[in-house]
Every structure is written in structure tokens, then in C-alpha cells.
Amino acid sequence: MDGGGLSIALLGPLEVRLDGTPVLLTTSRLRALLAVLAVFAGDAVTVERLALALWGEELPANARRSVQTYVTRLRRAIGRAAIRTTPDGYVLDVDPGRVDVLRFRALVAEAGRARGTAEERELVEEARRLWRGQPFEGIDSDWLRATVSPSLQELHLSTVERRVDLGLAEGRHGELVAELLGLAAGHPLRESLWGRLLVVLKASGRQAEALTLYERLRRRLADELGTDPSAELRHIHACLLRPGPRSDVAVFTGVVEPCAGGCLISGKVEGEGEGKGEGEGEGERRFLAFVWSSV
């Protein structure tokens, strides 16, 4: 690769650095051009695709010449060697690890391969830290928003949900509430996200709030989509309706996973044996159970 010290951050406001020095791209089309090349770094991007990303359907009279002009200007900003010409387009030669979009995708894939290990949580956390806002902030390109951003957003939310599952399994439900409330507000119809929010709220002793939010979601689904909550959400709702434990008895923190005909529950019971000692592991009991249910 010839990109040298070039680094590009697209998961939030655009940030470009060359050997540690910020690079200011003064026009919207220069920013869009770099973003498209960066998303496909190492692969050739055709002139036609670049023109569509820069101008949409209102292409200039000579789109190829116009793209060439912007590529020349971008080379002046980030170094001529960083952009290589191919027979039908251009390639951005940069280390994929220095483009946050590509780094994020690689970390998520690696976490998937490490699923169930201690390494998985570290990889998921590193991937999460790359997000600084919405993808491609400050970049005016309908093509990027329509074709690249949705898959990135979906991968991000799936990663957040996996992080929540890991946190629940470790009993860290309290620290997840604020993040999930914000995400659920931004994705009011994503049932998988809302389901985790309800579980976290119940585990945090906020059962009444969870019931209120479920009812709000049920009405929204009916009004906007004409559907009922999923079977998984209805099952969580049934669990919320059951009397919660008194504050002086054990509280379950863990993960509930639907299985054929029932659900698999794993986690720990906290609060048992309190005051009986200060040794490690006292005051909790870990367990794994399979519960048959018709809910």
C-alpha cells in the first residue's frame, strides 16, 4: 500500500489525517469522493459509481472529465500516490485498518469467529468505540446514504445487541440502561432492541417502567405497521407481569434465549448469603436451566 500515514474516519463527522496532520477538504464533492473511495479501499471504484455518488441523477455533461478533475484535487490534498488509476476507475491505496468503516467490519467479523470466548467482548467493545455519531456526517451524498449507510447501521445495532447480551450475562445490566433507552428512541420499531431494553429494565428493578414502554411499543406497532409484537416480545411481557422478587431476596441477572418449545436461562442469583462472608463468589449462585413454556 502507498497510502502511508493516511487515516480516514467516516463513522461520525469526517476526519482525515495525513501523517497525523488534519486534512481539510473544502468542498462537499471532495469529501464524498474520498468517502466512496475509502469505503472500497483497495478495490477499484468505477467512474460511473463515483459520478453517481457525487452528483446523483443530475450528472454533468462530461461526467468522466468532471470526476477526473475532482480526483486531481483530492490527490493534491492527500498525496498523489494514495489514489491509483485503473482502466475504468480509481483505487484508494490505504491500510484498511486506518479506515474506521473497514476496521469496524473487520472487528465485528473477528468477534463473530471468537463468539463465546473472553476475546469476543474486547473485540465488540473496540468496534463500538469507533462510532462517533452517524455514518458520513457532513458528507452530502444520497448514494452513500441509500446504499452504504443502511448496512452499516444494521451491523452497528446488531453489535450493540450482542454487547448487551454479553453485559447481561455478566450481570452489568445497570450500566446498559441509558444506552439502550437512547438507541430504542432512535429505532422505535426495532423489536430486538426493545426486547433487550425491557429485560435490562426488569433486571435493574424497573419493572413498571418496562411495562409502560412495552405498551407504548405495542401501540406504535399497531398504529404504524398494523402488527402485534413478536412472540419473543410477548414472552418478555409475560415475564414482566409476573410478581418480581422482594428487595431482600435473590435477584436474577443473566440471559434468556428462546429455544424450541421453551427458553434457555443462564446467569446468576445475587443477594443470597449476604452478610455471611466477604469471600469471592459469596452472595451469588450461578445456574443454567431449561424451561418449557407455552407462552
After noting the C-alpha distance and the side-chain angles of I8 and I78, does the key distance pass the side chain to side chain contact (heavy atoms under 4.5 Å, CB included) rule?
CA-CA 11 Å; I8 304 162; I78 65 173; over 6 Å; no
Distance (rounded to the nearest 0.5 Å) between E209 CD and L198 CG
10.0 Å
In Å and rounded to the nearest 0.5 Å, what is the CG to CG distance from D43 to L37?
11.0 Å
Supply the atom-to-atom distance I139 CD1 to L14 CG, rounded to the nearest 0.5 angstrom.
4.5 Å
Crowded around R75 CZ? As in, over 12 foreign heavy atoms under 6.0 Å?
yes
Over all heavy atoms of both residues, which pair between V91 and G42 is shortest? Give the atoms and the distance, please.
CG1-C, 3.7 Å
Any donor-acceptor pair under 3.5 Å linking the side chain of R121 with the backbone of L166?
no
Is a donor on one side and an acceptor on the other found under 3.5 Å between the side chain of Q207 and the backbone of L240?
yes
Answer yes or no: is there an ion pair linking D142 with R145, defined by an N-O contact shorter than 4.0 Å?
yes
If every non-hydrogen atom of P229 is compared with every non-hydrogen atom of Y214, which pair is closest and at what distance?
CG-OH, 3.5 Å
Verify side chain to side chain contact (heavy atoms under 4.5 Å, CB included) between R190 and E161, making sure each step is shown before the conclusion.
CA-CA 11 Å; R190 188 178 178 87; E161 290 171 351; 2.9 Å; yes
Smallest heavy-atom separation, L213 atom then L197 atom, equals CD1-CD2, 4.0 Å
Measure the shortest side-chain to side-chain distance between L107 and L130 over non-hydrogen atoms and say whether it is less than 4.5 angstrom.
yes
Going only through I, L, V, M, F, W and Y residues with side-chain contacts under 4.5 Å, is there a path from L225 to W194?
yes
Whether R49 engages the ring of F40 as a cation-pi pair (distance to the six-membered ring centre under 6.0 angstrom, angle to the ring normal within 45°) should be assessed.
yes
Does some side-chain heavy atom of L52 sit less than 4.5 Å from a side-chain heavy atom of E57?
yes
dist R31:CZ -> Y70:OH (nearest 0.5 Å) comes out at 11.0 Å
Check: L11 main-chain N/O paired with D100 side-chain donor or acceptor under 3.5 Å
yes
Distance check, rounded to the nearest 0.5 Å: Y90 atom OH versus I83 atom CD1?
9.0 Å
Using the ring of each side chain (for Trp, its six-membered ring), is H156 parallel, tilted or perpendicular to W131, with breaks at 30° and 60°?
parallel
For E191 and R234, run salt bridge (charged side-chain N to carboxylate O under 4.0 Å, His left out): C-alpha distance rounded to whole Å, both residues' side-chain angles, the deciding distance at 0.1 Å, then the answer.
CA-CA 11 Å; E191 294 185 65; R234 295 198 303 273; over 6 Å; no
Side-chain (R98) to main-chain (L6) donor-acceptor, under 3.5 angstrom
yes
Assess whether a salt bridge exists between E120 and R113, defined as any Lys/Arg side-chain N lying under 4.0 Å from an Asp/Glu carboxylate O.
no
Under the criterion side chain to side chain contact (heavy atoms under 4.5 Å, CB included), I'd like the reasoning laid out for V148 against V101: C-alpha separation, chi angles, the key distance, then a yes or no.
CA-CA 10 Å; V148 181; V101 169; 5.7 Å; no
Candidate pair V47 and D88, rule side chain to side chain contact (heavy atoms under 4.5 Å, CB included), full reasoning
CA-CA 6 Å; V47 169; D88 60 349; over 6 Å; no
What I'd like to find out is whether the side chain of R105 reaches to under 4.5 Å of the side chain of S151, using heavy atoms alone.
yes
Please confirm whether the backbone N or O of A53 pairs with a side-chain atom of S141, one donor and one acceptor, at under 3.5 Å?
yes
State plainly whether the residues R128 and E125 are in salt-bridge range, i.e. N to O under 4.0 Å.
yes
Same apolar cluster: L201 and L241, side chain cutoff 4.5 Å
yes
Does any non-hydrogen side-chain atom of R196 lie less than 4.5 Å from one of L176?
no
Least distance between heavy atoms, S66 atom then W55 atom:
CB-CH2, 3.5 Å
Return yes when atom CD of E224 has more than 12 non-hydrogen atoms of other residues, nucleotides or ligands closer than 6.0 Å, and no otherwise.
yes
Taking every heavy atom of A35 against every heavy atom of F136, the minimum-distance pair comes out as CB-CD2, 4.4 Å
Minimum heavy-atom distance between A38 and L10, given as atom pair plus value:
CB-CD1, 4.0 Å
Donor-acceptor check, side chain of R163 to backbone of V124, threshold 3.5 angstrom: yes or no?
no
What is the distance from atom CG of L152 to atom CZ of F104, rounded to the nearest 0.5 Å?
7.0 Å
For a 4.5 angstrom cut-off between non-hydrogen side-chain atoms, does V160 reach E179?
yes
Worked verdict on R218 versus E215 for salt bridge (charged side-chain N to carboxylate O under 4.0 Å, His left out)
CA-CA 5 Å; R218 186 194 65 77; E215 180 59 23; 2.5 Å; yes
Do R132 and E137 pass the salt bridge (charged side-chain N to carboxylate O under 4.0 Å, His left out) test, and can you show the C-alpha distance, the side-chain angles, and the key distance before you say yes or no?
CA-CA 10 Å; R132 300 168 293 110; E137 285 186 28; over 6 Å; no
